[in-house]
Protein chains: 2
Amino acid sequence: MEKVDKIFEAALQLFTTKGFHGTPTSEIAKVAGVANGTLFHYFKTKEDLVNNLYLHVKNEMVDESVTGIEKIESLQLKMEYLWSKSIHWAMINPQKIFFIQQYMYSPYITTNTQEEVDIIKEVYINLIKEGIEKNEIENVPVDLVYIMATQQLFGIIQYLVMNPEKYHSTEFMNTAFNSFYRMFRKE
Amino acid sequence: MEKVDKIFEAALQLFTTKGFHGTPTSEIAKVAGVANGTLFHYFKTKEDLVNNLYLHVKNEMVDESVTGIEKIESLQLKMEYLWSKSIHWAMINPQKIFFIQQYMYSPYITTNTQEEVDIIKEVYINLIKEGIEKNEIENVPVDLVYIMATQQLFGIIQYLVMNPEKYHSTEFMNTAFNSFYRMFRKE
DNA sequence: AAATTTGTAGAGTGATTAGTCAATCAAATT
DNA sequence: AATTTGATTGACTAATCACTCTACAAATTT
């Protein structure tokens, strides 16, 4: 495992459990098993580290959910695919989801980073646009659909983290997806 | 204005813009216009302050949205009332909404505080239970409905903060509420 | 009006921390 | 073989911070 990845891993764990300024860079280095200086060799500042970590995790989430989607035809099934793959990823990586939820509105994430995230999420935006064009999704602003979709997704994940047994109930998962899709599908 | 309130106000502003450990207690005191020692007279620790602030803001949000609801008969209208009053409050107090979003998953908010918040939100939970009993809301777990509702609400608010002009478009607000209600109303 | 409690002040302190730096080491390039 | 480049280390430092402490003022109780 690369040292950078070890640093990412340690930072993720510590930032979510102790907060940004609550974690000394020295501790990140210790947990990662590298020297203090090594951390600053890869990341100019602590801010630089948290921003890179945020991008890294966001990228991973989108990548994971998107691979394999090209095989699917119908829009609704595509959506269901993304939805369930995102949840699957979240259930395996609860720490990463916590991190995203905690830092997406935080002052440590620069507007520059937010802009890079905007590029990553383009995949989703295009899917929504397609749905509106094909008259399968209500004609509401694309941004709004995107925000509502992600927020609802985070909601389900939050619920599943508290009630993990529900994840294996197909009935529950169907109901949950239904609530999700009903929100913006054309009636 | 009471000194405690001045401290709350200063802490709210600084915590949201600079983070918890990113804000020195000395700066909170300075912005609030009180002495350093005064802050620690009212709050045993900095953690104590942030937890009390969180409760204070949460309480305010619920109180604001709930007053006057007893005049309304139908369940859907009650929901619409809560929904729009919450959004109204959020539009006037963007800082407070930012604070809640940023700190609700943070490690600084103790489980004890979370439990006190659970008591506050009882009002909403009861409304949902009533809806399920009267067969107006889909029979999904109450907690899930609550989480989905709040998440969707935060989503709308996030969108409105970025596109404030939409707040005055009745057409938009109707569509938005519709998406909200469609998520869990009985079909 | 004396005694007690509560509010307010701000200087002081011991501990902690982000980032630097000079020194090795390893690998690649000339 | 010589040189450059990049990776890695950990001791060090100047600055910062949460909280204490003592002192006094105001309010409340006796």
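Throughout, a chain's letter reflects where its sequence line sits, starting with A, and its residues are numbered from 1.
From the 5' end on, the contacts that DNA chain C makes with chain B at under 4.0 Å to a non-hydrogen atom open and close at C/dG7 to C/dG10.
Every side-chain hydrogen bond (donor to acceptor under 3.5 Å, both in side chains) that B/Q158 has, sequence neighbours left out, goes to A/Y105.
Taking the six-membered ring where tryptophan is involved, the planes of A/F43 and A/F8 are tilted, since the angle between them lies from 30° to 60°. Using cut-offs of 30° and 60° on the angle between ring planes, the pair A/F180 and A/F184 is perpendicular.
Taken from CD1 in B/I120 to CG in B/D63, the straight-line distance is 8.0 Å, to the nearest 0.5 Å.
Heavy-atom nearest nucleotides on DNA chain C were determined for A/G22 and for B/K3, and the one closer to the 5' end corresponds to B/K3.
For the pair A/F154/B/I147, no side-chain contact is recorded, criterion being any heavy-atom separation below 4.5 Å from C-beta on. Proximity of A/T17 to B/P107: side-chain heavy atoms (C-beta onward) are nowhere separated by under 4.5 Å. No side-chain heavy atom of B/F15 sits under 4.5 Å from any side-chain heavy atom of B/Y108.
Each of A/Q114, A/E122, A/K121 was evaluated against A/D118; a single residue qualifies, A/K121, per the side chain to side chain contact (heavy atoms under 4.5 Å, CB included) test.
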For residues 86-95 of chain A, please give each side-chain donor-acceptor pair under 3.5 Å, one per line with the distance, not counting sequence neighbours.
unit_1, atom_1, unit_2, atom_2, d
A/S86, OG, A/L82, O, 2.7
A/H88, ND1, A/Y167, OH, 2.8
A/W89, NE1, A/E60, OE2, 3.0
A/N93, ND2, A/W89, O, 3.0
A/Q95, OE1, A/T16, OG1, 3.1

Would you mind writing out the side-chain donor-acceptor pairs for residues 66-80 of chain A within the sub-3.5 Å range, not counting sequence neighbours?
unit_1, atom_1, unit_2, atom_2, d
A/T67, OG1, A/E64, O, 3.4
A/S74, OG, A/Q76, N, 3.4
A/S74, OG, A/L77, N, 3.1

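With rounding to whole Å, B/F20 atom CZ is found 13 Å from D/dC17 atom P.
Non-hydrogen atoms lying under 4.0 Å from DNA chain C are contributed by A/F40, A/T45, A/K46, all within residues 34-48 of chain A. Taking every heavy atom of residues 23-30 of chain A and every atom of DNA chain C, pairs under 4.0 Å involve A/T23, A/P24, A/T25, by number.
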